[in-house]
Structure formats: C-alpha cells, structure tokens
**Student:** 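Can you read through this structure? Questions will come right after.
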Amino acid sequence: MQPEDESIETAPAEAYTHGHHESVLRIHSWRTVENSAAYLAPHLQAGARVLDVGSGPGTITIDLARRVRPGTVIGIDASADVVARATGLAASERVDNVEFRVADAYSLPFADASFDVVHAHQVLQHLARPVDALQGFRRVLKPGGLLAVRDVDYGGVIWSPASSGLTRWLELYRAVHAGNGGDPHAGRHLKRWVREAGFGDIEATASTWVFSTALEREWWGNSWAERATTSQFAAHAIESGRSSPAELERIAAAWREWAADDDGWLLMPHAEVLARA
Ligand SMILES: C[S@@+](CC[C@H](N)C(=O)[O-])C[C@H]1O[C@@H](n2cnc3c(N)ncnc32)[C@H](O)[C@@H]1O
C-alpha cells in the first residue's frame, strides 16, 4: 500500500485476493450490465437511486447509471486507487449521474432506506462475514427495495483440453482465496446468505461466462498468465507458503498454452440472486 493511498482497511480476517494490478483491472474493466448483470437489467427503472457495493473499476456502475437516468448511482469500494480510476472513467465517458467513494461494505455511510437498488458483483465471495454485509445492504434499501448479488463458484469451473497446470491453478486459487478469508464457493451459498440476512421474495438463478474464441482465449488466458506471476494473487500464494515462483511460472505457461490451443474452452458459473428488503 502506498503511503498516500487512502484505501480503507478491510476486516483483519480478509485480504482482497486479486488486488488491483493492471492484469486484474483489464479483466474487470470488460464487465458491463449485459455480460455481468443481465438478471438485474429488466428491473432497472429510470429515476432509481442505486448503490453498487465493491464497484471496482466502475464499468458496471457507469452502465447502471446510463440505464437509470435521471436517477443516480453511487459506487463504493475499499480501494482508493480503483475509486480514482472509476471516477476518471466516468468523467471521460461524460456520465454525470454516477459518483464513486471510498467506503467499507460492512459499514455503509448512508441513511436507512435511502436506495431503490443495492447491487454487488463478485464481492460477497471476498468477505468473511457476507451475511453481516448483506444486513447492511438491507438497512440502506427502501422497504421493498431490490437487492441484486452475483458471485462465481470456483467449484464449477470447467475447461478443455485437460491441463495439469490449470488443475493446479484452480486448487491453488481456491486455497489462496479461502486463506484470505473469502469463499471461492460463494455462488452456491448466495441464496442462503440472502435469506439469513432477512430478505424476502428471493429469486435465485445462474449464468455463465464462456471463453472460447481466439480473442477471448488470448484475453482471458494471457491475463491469467500475468496474474499468476505478478498480481496480488501471486504474492498471497508465495507469502502463505502455498506456492513458489517456479510453480507460478508453470501455471502461467499452462494458461498461455490453453490460450494458444484452438480447442481451448473454459466456463465459469455464476449464481445470481434478486431479493426484496
Ligand atoms: C472482484 S472485484 C469486483 C469489482 C466490480 N464489482 C466488478 O464486477 O467489476 C471486488 C471489489 O470489491 C472490493 N472490496 C473488497 N472488500 C471490500 C469491502 N470490505 N468494502 C468495500 N469494497 C470491498 C475490492 O476492492 C474490489 O474492487
């Protein structure tokens, strides 16, 4: 962390597994409502006030803002760096009904019943106390307001062709993620967490990301090759004693090999839940 970094500390039991290396943000910046929040899209109404928790680089948040005009969207994130980046992106795209702030998902700095929609994409999986966070989301929703949460489940990631390097990547990824206080199998628990937090009218569905074309494989595979060796994930894997630089190089090579293979195909399953406060 830079001395001037104004990021807030997340709970001591947690560390954000991916960090905000360029190779990570490149992947997160591809995200839109269409490819990451299609289940929410039909429920977005013009004039709505929306909170996006753990908004990261802000591409989904900005897309939400375009869809609820003249409503407003606030994106919050624990990292001051990504908040600055998202703020810059909104300005360059001339979207003025969105605002980004540094804040903690566990203690939202907003009044009770102040949002129509609270959205969180790929965030609950990184929290050691997801139900506590969801209770806070419910507090800031208006009665009858809409919750929309979506998380991957790394227990269901499948690919072809078979690769011992990618098998080791998945095993290591799940261990590092859990070691950081999160849950790599969050997807399967979302519905229960939302019910335990007191929400009603729960609708639990799923959708996938598939990476298959040469362009998709190059983008996803090469980003992961870089993440395996240079991102916060690599640092966590080595510092926790779970891996070594040599093994991470082998994992990166496996990703490059997969990306170069015309038969390469990979699927990530995502659980998504809509519910009412
Ligand atoms: C996987 S990224 C998802 C970003 C964005 N929602 C997207 O899908 O592009 C998770 C984000 O949650 C943020 N985060 C993790 N723990 C947090 C906490 N306790 N409070 C606020 N943000 C948090 C991280 O900084 C990161 O930007």
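What you are looking at is a predicted structure, and each value in this text was computed from that prediction instead of being measured. Every heavy atom of this structure was used, including side-chain atoms; hydrogens, water molecules and symmetry mates were not. By convention here, the first residue in the shown sequence is residue 1. Read the numbers this way: they start at 1 and go in the same order the structure lists the ligands and their atoms.
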**Student:** Establish, yes or no, whether the cationic atom of Arg276 lies under 6.0 Å from the six-membered ring centre of Phe199 and within 45° of the ring axis.
**Tutor:**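 No, Arg276 does not sit over the ring of Phe199.
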
**Student:** Could you tell me, atom by atom, which parts of ligand 1 come under 4.0 Å of a heavy atom of Ala103?
**Tutor:**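 The list of qualifying atoms is 20 (N), 21 (C).
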
**Student:** Ring centres of Trp159 and Phe211 under 6.0 Å apart?
**Tutor:**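 Centroid separation for Trp159 and Phe211: 6.0 Å or greater.
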
**Student:** Side chains of Asp183 and Gln125: donor-acceptor distance under 3.5 Å anywhere?
**Tutor:**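 No - no donor-acceptor pair under 3.5 Å links their side chains.
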
**Student:** Do any heavy atoms of Val53 fall under 4.0 Å from ligand 1?
**Tutor:**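 Contact check Val53 vs ligand 1: negative.
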
**Student:** What atoms of ligand 1 come within less than 4.0 Å of a heavy atom belonging to Leu127?
**Tutor:**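 With Leu127 as reference, the close atoms of ligand 1 come out as 16 (N), 19 (N).
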
**Student:** Show the atoms of ligand 1 that are less than 4.0 angstrom away from any heavy atom in Gly56.
**Tutor:**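 Close to Gly56: 4 (C), 27 (O).
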
**Student:** Given Val82, Ile60, Asp77, which has its nearest heavy atom closest to atom 25 (O) of ligand 1?
**Tutor:**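 Ranked by closest heavy atom to atom 25 (O) of ligand 1, first place is Asp77.
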
**Student:** Please work out, at 4.0 Å between heavy atoms, whether the side chain, the backbone, both, or neither of Asp52 comes within that distance of ligand 1.
**Tutor:**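 Near ligand 1, Asp52 shows nothing, with every heavy atom at 4.0 Å or more.
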
**Student:** Between His177 and His236, is a ring-ring contact (aromatic ring centres under 6.0 Å, His included) present by the stated rule, with each step listed?
**Tutor:** CA-CA 9 Å; His177 190 144; His236 287 310; over 10 Å; no

**Student:** Please indicate whether any nitrogen or oxygen in Arg31 is less than 3.5 Å from any nitrogen or oxygen in ligand 1.
**Tutor:**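 Between Arg31 and ligand 1, an N or O pair is found under 3.5 Å apart.
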
**Student:** For the backbone of Val83 and the side chain of Asp77, can you confirm whether one donor and one acceptor N or O come within less than 3.5 Å of each other?
**Tutor:**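 Such a contact is absent between Asp77 side chain and Val83 backbone.
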
**Student:** What atoms of ligand 1 come closer than 4.0 angstrom to any heavy atom of Asp104?
**Tutor:**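 Ligand 1 atoms under the 4.0 Å threshold to Asp104: 18 (C), 19 (N), 20 (N).
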
**Student:** With a cutoff of 4.0 Å, is Ser36 in contact with ligand 1, counting heavy atoms of the residue only?
**Tutor:**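 Contact absent.
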
**Student:** Could you tell me whether His121 approaches ligand 1 through its side chain, its backbone, both or neither, with non-hydrogen atoms closer than 4.0 Å?
**Tutor:**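 The answer is both.
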
**Student:** Would you say Ala78 has any N or O atom under 3.5 Å from an N or O of ligand 1, going by distance alone?
**Tutor:**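 Indeed, backbone or side chain, Ala78 has an N or O that close.
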
**Student:** Which residues satisfy the salt bridge (charged side-chain N to carboxylate O under 4.0 Å, His left out) test with Arg67, sequence neighbours excluded?
**Tutor:**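 Per chain and number, Arg67 pairs via salt bridge (charged side-chain N to carboxylate O under 4.0 Å, His left out) with Asp63.
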
**Student:** In this structure, is the centre-to-centre distance between the rings of Trp169 and Trp224 below 6.0 Å?
**Tutor:**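 Distance test on ring centres: under 6.0 Å, yes.
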
**Student:** Between ligand 1 and Ala133, can you find any atom pair, the residue atom being a heavy atom, that is separated by under 4.0 Å?
**Tutor:**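 No, that is not the case, since the closest heavy atom of the residue is not under 4.0 Å from the ligand.
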
**Student:** Is a side-chain donor or acceptor of Glu247 paired with a backbone partner of Ser243 at a separation under 3.5 angstrom?
**Tutor:**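 Side chain of Glu247 to backbone of Ser243: no pair is present.
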
**Student:** Tabulate below the donor-acceptor pairs under 3.5 Å that side-chain atoms of residues 39-50 make, not counting sequence neighbours, or state none.
**Tutor:**
| residue | atom | partner | partner atom | Å |
| --- | --- | --- | --- | --- |
| Tyr39 | OH | Val149 | N | 3.1 |
| Tyr39 | OH | Val149 | O | 3.3 |
| Arg49 | NE | Ser114 | O | 2.7 |

**Student:** So, regarding Gly54 and ligand 1 (criterion: nitrogen or oxygen to nitrogen or oxygen, under 3.5 Å), is there a contact or not?
**Tutor:**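 Checking ligand 1 against Gly54, an N or O pair does fall under 3.5 Å apart.
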
